[in-house]
Protein chains: 2
Amino acid sequence: MDLRRLRYFVAVAEARSVGKAAERLRMAQPPLSVQIRKLEAEIGAPLFRRGTRGMDLTEAGQALLARASEALALAADGAEAARAVASGRRGRLSVGYMFVLANAVLPRLIPELRRSIPGVDLDFAELSASTREARLLDRSVTVALCMPAINHPEIQVARIGAQPFMLAMPIRSPLARLSAVPMAKLQGRPLIALPWPDHDPASSAVAALLRRHQIVMPIASRVETVHSAMSLVLAGEGLAILPACAQLGAPRGIVFRPLRDATDSIDIAVCWRRDSQSPLIRTFLKCAEKAVAPM
Amino acid sequence: MDLRRLRYFVAVAEARSVGKAAERLRMAQPPLSVQIRKLEAEIGAPLFRRGTRGMDLTEAGQALLARASEALALAADGAEAARAVASGRRGRLSVGYMFVLANAVLPRLIPELRRSIPGVDLDFAELSASTREARLLDRSVTVALCMPAINHPEIQVARIGAQPFMLAMPIRSPLARLSAVPMAKLQGRPLIALPWPDHDPASSAVAALLRRHQIVMPIASRVETVHSAMSLVLAGEGLAILPACAQLGAPRGIVFRPLRDATDSIDIAVCWRRDSQSPLIRTFLKCAEKAVAPM
DNA sequence: CCATTGGCATACCGAAAACGTATGGGTTGA
DNA sequence: TCAACCCATACGTTTTCGGTATGCCAATGG
């Protein structure tokens, strides 16, 4: 059962004539006649009544015609759908993001994406750092919004912005009275620490910041997420040095203050599999850059 | 876009491997690999990710897979449907019948047909004699139940039974007191006549009957249908010589009596286009014979 | 570090299928 | 009776397909 035969069959059925159909198909009449007879042989029954004034569908032919046209349309639609997905006009874009970025980035990012790629199903998942990496690698998410970027040979990274570090503390903290906190004031105070990228203490931007200013802060607790850090800060367990955007999701009772003399910042990055050929990534990158531009 | 390519594509997608799919398709691996690449070239985008452990669908491939499987199923279903129609397992059987036969034949015929050809859509239409002929010729009915048979070179006829003629008269008629009416009693009485087949007076069985008994009955009215004839009989316009089965649909006030010494009968026949190759006709004929057998 | 294995891609050749041209045969209508 | 129309058949050419042989690459194991 060949799709070309079906196409020929539908053409002849619609033209009610081999000659007319051949003309429309831009081919000679005899080979078309042969193909129709081969199709009839394959089915095992005549599909047309041959009259002196052209061809007319038999009932078996009518039964075939309906499904054949549908099959043709489906095949064409399948090819078109595949092309549309490959070109990024349709498909699915699965985005893994970290919770801190939700309030800061998503409200501008999502409308921008819906405008840019209206045919694409968007799928957002709030994921922890390690899950983002794992799901990028197994392709169950296409891109990830990270802070900081994932460091992995298979994963490509594009920096789209940065967040200055700020000090997060309970509102009753004496430091909260300052409009900006000098680094020196942090000496010896307990720190609520976040995970180091790649389990390497030196790779942490906060560690680097403290080291450069020769500040030592004992680690009171180590938590996985910025929000856990803020909870512990609120509980009086210690201070946290967090990206500025964390303010947007901070609970009442926490205040943020800039660190005087510290221009350090943490990168916001888009990460994706190096071998992913999804054309949606470029678009996503553009939209993400736009979304973080005002920050 | 070739259906074979789609079949190959689906096989590879399901086996997640060219080699395995080739085995299942009973062909060598290289040509299958070539066909897949040709399909990708036709679509204009890669459909598989080639890994060291086999093939994996890209998103474009997934988009194609859904429709390709559907298209394959539709094509197979179309072929099967055409075969089913050609073999008489499915399809439509359009039956034209005359009103007089409705009560006599249809109650036994219809259940018989539904049992014999459950997959076939039945379509019954009560039609006048000339309409039956016309619609057989233009193929808008497949078979016709006639009494008497249609006489036309394009139309084939099978006699499935016969109905003896009876005399229909008002219940108050003096003849109604007889259990059987001798032909001689009809002499000179007004007759309600039905149309002659082929507009040929000699071809009418009733005319032949009267001629053979040398009876002359003046024609009081000429009507198209048996039921009209009975209406006029009831109105006292004359007598009618009708097939026995007309009793079943006769209005109150009409009685039927056999004609003594007249063994004449009128044929019940199934008629169809000589060039119709519908396999349903044979089945219909069998069922119709069964349905009229007790009569 | 090299050999082996597993899997897909490429090259080439023979076979099958399709297409075009030429032509036949049947019916219709002038 | 002839011309026109339409489908079917025949035959040669070209395209395409499938099989065999082989190459390339990565992962695996000694």
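- The main-chain N or O of A:Ala84 is found under 3.5 Å from a side-chain atom of A:Ser87 such that the two form a donor-acceptor pair.
- No side-chain heavy atom of B:Leu47 sits less than 4.5 Å from a side-chain heavy atom of B:Val12.
- Atom CD1 of A:Ile155 and atom CG of A:Leu136 lie 4.5 Å apart (nearest 0.5 Å).
- Nucleic acid contact class of A:Gly54 (heavy atoms, under 4.0 Å, all strands): sugar-phosphate only.
- Take A:Tyr8 and apply the ring pair (Phe, Tyr, Trp, His ring centres under 6.0 Å) test, not counting sequence neighbours, and it matches no residue.
- Identified under the side-chain hydrogen bond (donor to acceptor under 3.5 Å, both in side chains) test for residues 62-84 of chain A, with sequence neighbours left out: A:Arg67-B:Asp77, A:Asp77-B:Arg67, A:Glu80-A:Arg89.
- Extent of DNA chain C lying under 4.0 Å from chain B heavy atoms, first and last nucleotide in 5' to 3' order, is C:dG6 to C:dT10.
- Across residues 6-22 of chain B, B:Tyr8 each have a non-hydrogen atom less than 4.0 Å from an atom of DNA chain D (numbered order).
- D:dA26 atom P lies 13 Å from atom CZ of B:Arg53, rounded to whole Å.
- In this structure A:Phe48 satisfies the ring pair (Phe, Tyr, Trp, His ring centres under 6.0 Å) test together with A:Phe9, sequence neighbours excluded.
- Closest approach of A:Gln29 and A:Ala22 over heavy atoms only: CA-CB, 3.7 Å.
- Every residue meeting the salt bridge (Lys or Arg N to Asp or Glu O under 4.0 Å) condition with A:Glu154, not counting sequence neighbours, appears here in chain and number order: A:Arg273.
- Contacts classified as side-chain hydrogen bond (donor to acceptor under 3.5 Å, both in side chains) and involving residues 135-145 of chain B (residues at least two apart or in different chains) are given here: B:Arg135-B:Ser140, B:Asp138-B:Ser140, B:Arg139-B:Asp275.
- Atoms CZ and SG, on A:Arg159 and A:Cys146 in that order, are 14.5 Å from each other to the nearest 0.5 Å.
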What's touching nucleotides 19-22 of chain D from the protein side, N or O pairs under 3.5 Å?
unit_1 : atom_1 : unit_2  : atom_2 : d
D:dG19 : OP2    : B:Ala28 : N      : 2.9

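- Shown here are the ring pair (Phe, Tyr, Trp, His ring centres under 6.0 Å) partners of B:Tyr97, two or more places apart in sequence or in another chain: there are none.
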Cut-off 3.5 Å, no hydrogens considered: what does the side-chain donor-acceptor table look like for residues 276-287 of chain B, sequence neighbours left out?
unit_1   : atom_1 : unit_2   : atom_2 : d
B:Ser276 : OG     : B:Ser278 : N      : 3.3
B:Ser278 : OG     : B:Leu280 : N      : 3.1

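- Residues from residues 37-50 of chain B placing a heavy atom under 4.0 Å of any atom in DNA chain C, listed by number, are B:Arg37, B:Arg50.
- Contacts classified as side-chain hydrogen bond (donor to acceptor under 3.5 Å, both in side chains) and involving residues 39-58 of chain B (residues at least two apart or in different chains) are given here: B:Arg5-B:Glu42, B:Arg16-B:Asp56, B:Glu40-B:Arg50.
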